[in-house]
Structures are given as C-alpha cells and as structure tokens.
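Values below: all heavy atoms of this structure, side chains included; hydrogens, waters and symmetry mates excluded.
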Amino acid sequence: MLQNRARRDYPWFFLMNNKRAHSEEYFGEQRDFWWRPDFLRLLAQRWRLAEASTLLDVGCGLGHWSMLLYPFLKPNATLAAVDAESKWIKEAPRRFFARFPGVNKNLFTFKIGRANDLPLPSDTYEVVTCQTVLMHLADPLGALREMARVAKPGGIIIAAEPNNFFNIMAFSSLTADEPVESVVKRFEFWLRYHRGKKLAGAGDNTIGDVLPGMFGKLGLTDISVTLSDKTSPLFPPYASQEQRVLIKQAREWKKTKTGMWDSKALLKYAKAGGAGKKLLEEGMGLVFEMMNKELAEIKRKTFHAAGGGMHYLISGRKP
C-alpha cells in the first residue's frame, strides 16, 4: 500500500492544509518515477505528437507532465500551461527553461486559470492534456468540455488519471495472508472515504475508470484507453534510488501528519460516505495500524510489494 500511495497523486493534503499550495506534497522526487521513457515514446507515436506544434497543459503544476511530452512535438513547438495556483505559474517557467535552455521563451505561455473556465480561445491547440487533475474536480466533465473547446478540430485530448481506490487495496507482504474480516473492513472504510469525498465535491479518486465514457459523451472520436506499464516495487534491501525516494516520502508524510496520516480528512470523508461510528473507529485503527506496520517492516528490511497500480491514459480527438 505504501508504494502505491507514494506514486499516485492524492488531493487530501491540500484540502485539509490550505497553508500550502495545492499538490505541494506531490511535487517531490517521487513524481519523477511515474513513467517509463520507452513507454512514453510508444504513446507519443500512437498519439502522433510529432505532427503537433501546439500543446496545452491543464493544471500544469510544476510542469512534470508537459516537460515529458514537449520533446516529442515538432521543433520550436508552442506550449501553454494553465494552473489555478499562482505559485506554480511562477515556478513552472523556471523549471521548463532549466530543462530546455535553448528554447525560445516567447513560445511558452503560463497563465493562472481554472480547468472548468480556461482563459484561452477556442479551436487553438493540437494537443490538450492533463495529468491527475480531473480527479480533484467537482465537475470533471465540465473541465473536459473546456479542454475539447480549446482543442483544434482534429486535435487530441489526453488525460492521465488513476483509480486510486484500487491502488490503495493492492496486497503486500503484510496483507497477502491478512484475515478476511480485517481486509473487508478496511476495504469498506476506504470505499466510504472515496464515496464521501466525491459526494462532498472534493474530487473522484476513481475517475480513470469512467473517463472513456465522458470522452464519448462529448462526441470525441478515436477514443483510446491505455494503462501505464510502470510499477513501483519495494523489496529489500531497497537499494534503488526510486525505492529510497518512496520510503523517504512516506516517512515525511507520517512526520508531518499529512496525506494518509491526516486523520481529520479520513474521518471527514468516510463519515460523509456513510461510515458509522463503529466503522470509523475500527477502520481508522486498521488503516493506521497497517501504515505503521509497513514502516516498521521497512526498517527491519522485511516489507515487500510489487507496487502495481491503475493509471489510465485516455485519449480522443475533436471532430
């Protein structure tokens, strides 16, 4: 469970701690291990990115996603990036120009704006994309509609979004032989949490499962659905850089009581999802007990897990 949490993008951090910029806890080193370069090259071919000279990154953050896609575009391609957080709009250009020092800076535009109300003209971009953005929104279909609006006819809309409920429930060396009763109870607790979060308008952590239908509802064509081939395994002696980064991040989240350690967020949304007093008490206990066991077993160098998850890449073209 630990390795899947670290690899995916969870919104409860900034929902419960508004002193930090949104998604700030996710923009650390662990995000650099989300994708395999050869897998992205394959997708770039399928998406025909080499034919495109304009790209829009919606909810760009620090630009992790669009920096990966930009090299596949035509030379001297134009890139626009939009985010609701002014901090990221200030910092993203610095990262882009450090990564691509030879580019013409006039080809890059960074704007403050929301996914559901993009401050951009219609029929403009050949590639419109987002990564783990729609999962945070109360109206993801509305945001997709905006993405389709600003795309050129024939342009491609690409969304990289997970099913984080599945990712949380994947088995590990600690849970593979866990009693059925505690597995079921923890499953219900997380399901109540996810449902409550969605009902509260705070996003849908399982959005990837239903996005293809949304693409179809908007009349997009050539809809394609792919799963990332990347896993984040943990196994002793945790020697790789990626494994060290994942463990470091998990320990920091526990220390700062953020993420899955934010009991207020867990209780708030589980209750909103219909969890009763008994489930809230017992489910919370099981969740925290398992996370503490994971970190303890890692310290003893006995914890291991394959680290698989469901991270979808859904694409479709504007007629």
Side-chain angles (χ1 to χ4, degrees), residues 1-13 16 30 135 162-200 203-209 227 230-238 242-243 246-311:
M1 187 165 66
L2 180 153
Q3 76 286 353
N4 287 319
R5 291 201 310 272
R7 190 161 67 88
R8 306 301 179 189
D9 191 12
Y10 287 86
W12 47 66
F13 287 78
M16 300 305 297
Q30 80 278 2
M135 63 181 287
N163 175 340
N164 276 337
F165 180 57
F166 173 88
N167 299 338
I168 288 172
M169 294 307 302
F171 287 110
S172 71
S173 57
L174 281 172
T175 59
D177 297 315
E178 183 183 8
V180 170
E181 293 76 15
S182 59
V183 172
V184 171
K185 191 168 294 182
R186 198 169 60 252
F187 180 95
E188 182 182 358
F189 178 83
W190 280 121
L191 181 58
R192 297 287 183 187
Y193 167 86
H194 284 290
R195 291 286 174 86
K197 186 170 173 292
K198 184 177 179 181
L199 288 171
D204 181 359
N205 286 345
T206 66
I207 189 70
D209 288 340
L227 277 175
K230 181 71 171 62
T231 67
S232 294
L234 279 177
F235 50 86
Y238 317 120
E242 179 180 3
Q243 292 188 73
L246 295 178
I247 293 169
K248 177 183 175 182
Q249 182 67 85
R251 287 170 174 163
E252 178 62 23
W253 287 346
K254 180 182 178 182
K255 179 181 177 181
T256 55
K257 293 181 172 58
T258 51
M260 310 271 277
W261 298 96
D262 188 338
S263 57
K264 290 182 180 179
L266 294 174
L267 288 169
K268 173 182 177 180
Y269 293 125
K271 185 176 181 179
K277 183 178 179 181
K278 184 178 180 181
L279 180 60
L280 290 174
E281 293 175 352
E282 295 182 354
M284 282 286 292
L286 287 170
V287 166
F288 278 82
E289 178 186 19
M290 187 56 62
M291 288 189 288
N292 280 311
K293 282 183 177 179
E294 287 179 2
L295 292 175
E297 291 296 308
I298 286 171
K299 187 175 182 179
R300 288 191 286 267
K301 291 185 169 56
T302 56
F303 179 82
H304 56 90
M310 297 181 70
H311 202 157

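Here Glu178 pairs with Thr175, Ser182, Val183, Arg186, Met290 under the side-chain contact (heavy atoms from CB on, under 4.5 Å) rule; sequence neighbours left out. Among residues two or more places apart in sequence or in another chain, the side-chain hydrogen bond (donor to acceptor under 3.5 Å, both in side chains) test is passed with Thr256 by Thr258. A search for side-chain hydrogen bond (donor to acceptor under 3.5 Å, both in side chains) contacts involving Asn292 returns Lys254, not counting sequence neighbours. Shown here are the salt bridge (Lys or Arg N to Asp or Glu O under 4.0 Å) partners of Glu252, two or more places apart in sequence or in another chain: there are none. Checked against salt bridge (Lys or Arg N to Asp or Glu O under 4.0 Å), Arg195 has no partners two or more places apart in sequence or in another chain. Considering only residues two or more places apart in sequence or on other chains, Lys271 meets the salt bridge (Lys or Arg N to Asp or Glu O under 4.0 Å) condition with none of them. Evaluation of the side-chain contact (heavy atoms from CB on, under 4.5 Å) rule for Lys293 yields Leu174, Glu289 as partners, not counting sequence neighbours. When the side-chain hydrogen bond (donor to acceptor under 3.5 Å, both in side chains) test is applied to Lys257, no partner is found at least two apart in sequence or on another chain. For Glu297, the side-chain hydrogen bond (donor to acceptor under 3.5 Å, both in side chains) partners two or more places apart in sequence, or in a different chain, are Arg300, Thr302. Applying the side-chain contact (heavy atoms from CB on, under 4.5 Å) rule to Tyr238 yields the partners Leu234, Pro236, Gln243, Ile247, Ile298, Lys301, Phe303; only residues at least two apart in sequence or on another chain are considered. Under the side-chain contact (heavy atoms from CB on, under 4.5 Å) criterion, Lys198 pairs with Asp204, sequence neighbours left out.
For Asn167 (side chain) and Met310 (main-chain N/O), a donor-acceptor pair under 3.5 Å exists by modelled atom type.
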Do Leu266 and Trp190 pass the side chain to side chain contact (heavy atoms under 4.5 Å, CB included) test, and can you show the C-alpha distance, the side-chain angles, and the key distance before you say yes or no? CA-CA 9 Å; Leu266 294 174; Trp190 280 121; 3.6 Å; yes
The test is side chain to side chain contact (heavy atoms under 4.5 Å, CB included); show your working for Met291 and Leu295 and say whether it passes. CA-CA 6 Å; Met291 288 189 288; Leu295 292 175; 5.9 Å; no
Under the salt bridge (Lys or Arg N to Asp or Glu O under 4.0 Å) rule, what do Arg192 and Glu188 come out as? Steps first, then yes or no, please. CA-CA 6 Å; Arg192 297 287 183 187; Glu188 182 182 358; 3.4 Å; yes
Verify side chain to side chain contact (heavy atoms under 4.5 Å, CB included) between Val287 and Phe189, making sure each step is shown before the conclusion. CA-CA 9 Å; Val287 166; Phe189 178 83; 3.8 Å; yes
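Across all their heavy atoms, Tyr193 and Ala265 have their closest contact at CE1-O, 3.7 Å.
No side-chain heavy atom of Ser173 sits under 4.5 Å from any side-chain heavy atom of Phe235.
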